[in-house]
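I have placed the structure first, in the form of structure tokens, so that the comments after it can refer back to it.
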Amino acid sequence: MRRLLLLSSLAIGLVIPLTPVVCFAQANASQTNDGFNLSSVDALLAKGDREAASGNLTEAVKSYDKARNASRSLLSFYRDLGGAFRGLDARIPRDMDQKGRESIEKLAQANLRLAAVYRRQNQSEVAVPLLVEVVKLMTPSTADGRKAYQQLVEVGFVSTPYAAPAAAATN
């Protein structure tokens, strides 16, 4: 009996750390054959968009949260993988850096969409941290950064509007 308990606890200890990635991969297997990558984040964002459009805001929040978590994980994995190849093959770190930038953009998009859902539910206090994160990630010189800052003005979190310089507004 003691041996069975030990084996069970070992098995649980080995499975639990893998659960989020495994569950994510299984959840997306029916949506896309691409696996765990930027395309799977796009699929989650599209699913959230469909759910938000149909008024199913609870499910939209879940999809956008999954997209945020996946984007963060991908960003970390791309950085780690790129670092492992630094000094060995310059193409791989360059590719991983590009994928990391795309992951940041997906994270910002998920945050903007999630903030929109929370604003729609009159929960500005939940939307504000998401919008601030977008401004930090993308900077106010990008379209998403300006959009997030404008929403912060609209909810009354900040009062000073940002007028982007003409050259920066082209982004």
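This structure is a prediction, so every number in the text was calculated from the model and none was measured.
The shortest distance between side-chain heavy atoms of Met96 and Arg79 does not fall below 4.5 Å. With contacts defined as side-chain heavy-atom distances shorter than 4.5 Å, the pair Tyr162/Leu152 does not qualify. Between Lys147 and Gln150 the shortest side-chain heavy-atom distance does not fall below 4.5 Å. For the pair Lys99/Leu74, no side-chain contact is recorded, criterion being any heavy-atom separation below 4.5 Å from C-beta on.
Rounding to the nearest 0.5 angstrom, the gap separating the CG atom in Asp95 from the CZ atom in Phe85 is 11.0 Å. Rounded to the nearest 0.5 angstrom, Asp42 CG and Lys47 NZ are separated by 15.0 Å. Between the CZ atom in Arg146 and the OG atom in Ser141 there is a gap of 7.0 Å [rounded to 0.5 Å]. To the nearest 0.5 Å, atom CG of residue Leu57 and atom CD of residue Gln123 are 10.0 Å apart. Taken to the nearest 0.5 Å, the CD atom of Glu133 stands 10.0 Å off from the CG atom of Leu131. Summarising the geometry, atom NZ belonging to Lys62 is positioned 8.5 Å from atom CG belonging to Asn56; distances are rounded to the nearest 0.5 Å.
In this structure, Val153 and Pro161 approach most closely via the heavy-atom pair CG2-CA, 4.3 Å. Nearest heavy-atom pair, Leu137 versus Ala108, reported as atom, atom and distance to 0.1 Å: CD1-N, 4.4 Å. Residue Ala67 comes nearest to Leu45 through the heavy atom pair CB-CD2, 3.8 Å, listed as atom of the first residue, atom of the second, then distance. A pairwise comparison of heavy atoms in Asn122 and Glu125 identifies O-OE1, 4.4 Å as the closest pair. Of all heavy-atom pairs between Leu38 and Ser103, the closest is CD2-OG, 3.5 Å. In terms of heavy-atom proximity, Ala60 sits nearest to Val117 at CB-CG2, 4.5 Å.
Of the candidates Asp49, Asn69, Asn111, Asp49 is the only one forming a side-chain hydrogen bond (donor to acceptor under 3.5 Å, both in side chains) with Tyr64.
Judged by distance alone, the side chain of Ser124 and the main-chain N or O of Ala127 form no donor-acceptor pair under 3.5 Å. A donor-acceptor pair is defined here as one N or O able to donate and one able to accept, closer than 3.5 Å; no such pair exists between the side chain of Ser76 and the backbone of Ser73. When atom types are taken as modelled, the side chain of Arg68 and the backbone of Ser63 share no donor-acceptor pair closer than 3.5 angstrom. In this structure, the side chain of Ser40 engages the main chain of Asn37 through a donor-acceptor pair within 3.5 Å.
Other residues, nucleotides and ligands place more than 12 heavy atoms under 6.0 Å from the CZ atom of Arg72.
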Original post:
Step by step, would you call Arg86 with Asp97 a salt bridge (Lys or Arg N to Asp or Glu O under 4.0 Å)?
Top reply: CA-CA 11 Å; Arg86 296 233 187 268; Asp97 288 346; 3.0 Å; yes
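Using modelled atom types and a 3.5 Å distance limit, the side chains of Glu102 and Gln98 yield a donor-acceptor pair.
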